[in-house]
Amino acid sequence: MLIGGIVGAGVGFFSQYYAAVIDYPVNVGGRPLNSWPSFIPITFELTILFAALTAVLGMLALNGLPMPHHPLFNAPRFALASRDRFFLCIEATDPRFDREATRRFLESLGAREVTEVEH
């Protein structure tokens, strides 16, 4: 977020600097062309915007989203999850995962079906 904010501030300030000093210089009231106090509001707004966008995109990337397909969707009875049942997914990447102990535990809870889905 900090880097996104710094980039936003730079984009905001230098785009206004380019417009006011290089591309279309207009002398208003004898002020210098690089009148930085007038650049503060847009610079601040772009700082906040870029930091927020960086946070949202970073959160999505770290969460692995969007994930349009998950191997769980290949389970034979997955369509029932949205009607009258639910699914419990236990990932094999869990360090405490034990295939047989997990199967026995889920069956002892009264699971209707325990299915292994290959990735």
Side-chain angles (χ1 to χ4, degrees):
M1 283 181 57
L2 176 64
I3 293 171
I6 291 170
V7 168
V11 167
F13 183 83
F14 289 111
S15 65
Q16 291 178 92
Y17 178 85
Y18 175 78
V21 176
I22 297 168
D23 190 40
Y24 193 70
V26 176
N27 189 348
V28 178
R31 285 182 283 168
L33 295 176
N34 182 17
S35 181
W36 66 267
S38 65
F39 299 167
I40 290 175
I42 300 299
T43 302
F44 175 75
E45 292 297 328
L46 284 179
T47 301
I48 301 302
L49 176 68
F50 275 54
L53 287 176
T54 302
V56 168
L57 294 176
M59 182 266 311
L60 290 174
L62 290 174
N63 288 336
L65 297 174
M67 185 185 301
H69 180 75
H70 191 276
L72 184 63
F73 299 159
N74 295 331
R77 299 170 53 118
F78 184 75
L80 297 175
S82 63
R83 294 191 190 128
D84 61 349
R85 294 187 177 90
F86 68 93
F87 269 68
L88 175 64
C89 178
I90 300 176
E91 301 268 340
T93 58
D94 186 347
R96 296 178 54 185
F97 179 77
D98 180 15
R99 185 179 311 258
E100 291 305 317
T102 303
R103 177 179 281 281
R104 284 193 307 270
F105 174 69
L106 292 174
E107 289 171 348
S108 72
L109 294 176
R112 289 186 180 217
E113 183 177 344
V114 178
T115 305
E116 290 185 27
V117 179
E118 296 296 324
H119 200 277

Neighbour count >12 (heavy atoms, 6.0 Å) for atom CD1, Ile3: no
Min side-chain heavy-atom separation Phe73-Val117 under 4.5 Å: no
What are the two closest heavy atoms between [X] and [Y], and how far apart are they?
X      : Y      : value
Cys89  : His70  : SG-CE1, 4.4 Å
Pro25  : Leu33  : CB-CD1, 3.6 Å
Arg103 : Val114 : NH1-O, 3.5 Å
Pro41  : Ser38  : CD-O, 3.7 Å
Glu118 : Pro71  : O-CB, 3.9 Å
Ala9   : Thr47  : CB-OG1, 3.2 Å

Honestly curious: do [X] and [Y] fall in one hydrophobic cluster under the side-chain, below-4.5 Å linking rule?
X     : Y      : value
Leu88 : Phe105 : yes
Phe14 : Ile22  : yes
Val11 : Val56  : no
Val21 : Trp36  : yes
Leu57 : Val7   : no

I need the [X] [atom1] to [Y] [atom2] distance, nearest 0.5 Å.
X      : Y      : atom1 : atom2 : answer
Leu46  : Leu53  : CG    : CG    : 10.0 Å
Glu107 : Glu113 : CD    : CD    : 10.5 Å
Ile40  : Gln16  : CD1   : CD    : 10.0 Å
Leu106 : Thr115 : CG    : OG1   : 10.5 Å

Exam field: side chain Thr102 to backbone Arg99, donor-acceptor pair closer than 3.5 Å: no
Plane angle bin for Phe13 and Tyr17 - parallel if under 30°, tilted between 30 and 60°, otherwise perpendicular: parallel
Check: Phe78 ring centroid to Phe87 ring centroid under 6.0 Å: yes
